[in-house]
Amino acid sequence: MKITKLTTYIVPPRWCFLKIETDEGITGWGEPVVEGRAHSVAAAVEELADYLIGKDPRNIEDHWTVLYRGGFYRGGAVHMSALAGIDQALWDIKGKALDVPVAQLLGGNVRDSIRVYSWIGGDRPADTAAAAKAAVGRGFTAVKMNGTEEMQYIDSYDKVEKCLANVAAVREAVGPNVGIGVDFHGRVHKPMAKVLIKELEPYKLMFIEEPVLSEHYEALKELAPLSSTPIALGERLYSRWDFKHILAQGYVDIVQPDASHAGGITECRKIASMAEAYDVGLALHCPLGPIALAACLQLDAVCYNAFIQEQSLGIHYNSSNDLLDYVTNRDAFAYEDGYVRIPSGPGLGIEVNEEYVRERAAIGHRWRNPVWRHADGSFAEW
Ligand SMILES: [Mg+2]
């Protein structure tokens, strides 16, 4: 079997899909994207394609190694996301060629389903508690919210109070047993993270995510001992080599690699195994589309330390298109009582609606982060 063609599609709301074709008529799909850099990642895929054309798609580990190590310069969001989408599509092809789900090729399922959480907002707090209640009404047993709006290095206490009131309202709305993840989104700097982490402890959170940016991971030494709340991070880390310092440091409780940013299924499996060796949990990051989620679910099936999965069904970013719009077998993602069943079809287990993908790619997108500013006019992390 030989790879004949790679085609990327930039589709709303902010995604990029990749189709890899072969000379035997088997087609694989991946989702190579960084939110806000979709066209850069598509260009990187196009460059990497030079090597892949004419190769046997089934030699995934070797292709991954060449595409990672072989360009001399390596790593970072754009390269690793391009590689991630290619890797997902190659696994999809291999699974379809052998008529088994990817999880079977990775050793077989350790679970039938995975608990999922729903995003409930929190940037602009007004409706967060109502959104939490609605998510629980739809069967979710866990939710995630942003903790704060923009936050200065040293900010006033009313910002802290607002965060606490927001979290308290959500806790009150959902009761004591629903998991609440609070994402600081890397927008809080160390001095205020110290305050918030301590003040949030009474709300018995499921985790605090990106309490500081991952590049400030040395701050975790000061932050983690301030609270019993588990610390999660990793959506902005892209490889085993990015994660090794954090795991060796010992203050992180949950790693959150993104299967569309951190080198795909091949690399995230290895990151998950490294984390397991440190007794650290896995909660794959996935505010993305259906192919990314399908890749995550195949990983959740085989990674023992996976305990929850992010997913973007109906999240606020997706106002123009939702993740089920692009698949024909919408029941592949079977939600029940806060869990999603691991898809059991061949490859990634989803059937992409190619005609609709092409139709939406004609519209495309130019999705960008909001740019926030502090009261003094200086840039604020979003
Ligand atoms: Mg996050």
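Note that ligands are numbered from 1 as they come in the structure, with each ligand's atoms numbered from 1 the same way. Keep in mind the model is a prediction, meaning the values are calculated, not measured.
Considering just the N/O/S atoms of Glu209, the one nearest the Mg ion (ligand 1) carries the name OE2. Of all the N, O or S atoms in Asp183, the one closest to the Mg ion (ligand 1) is OD2. Looking only at N/O/S atoms, Glu235 comes nearest to the Mg ion (ligand 1) through OE1.
Met192 contributes atom CE, which lies 8.0 Å from atom OH of Tyr157 (distance to the nearest 0.5 angstrom).
Heavy atoms from other residues, nucleotides or ligands lying under 6.0 Å from CG of Asp112 number 12 at most.
Note on Arg187 versus Glu150: no salt bridge recorded, every NZ/NE/NH1/NH2 to OD/OE distance being 4.0 Å or above.
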**Message:** salt bridge (Lys or Arg N to Asp or Glu O under 4.0 Å), that's the test. Do Lys159 and Glu149 meet it? Break it down for me.
**Reply:** CA-CA 8 Å; Lys159 290 273 188 71; Glu149 302 174 89; over 6 Å; no
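Because the distance cut-off is set at 2.8 Å, Glu210 fails to qualify as a neighbour of the Mg ion (ligand 1), as none of its N, O or S atoms comes that close.
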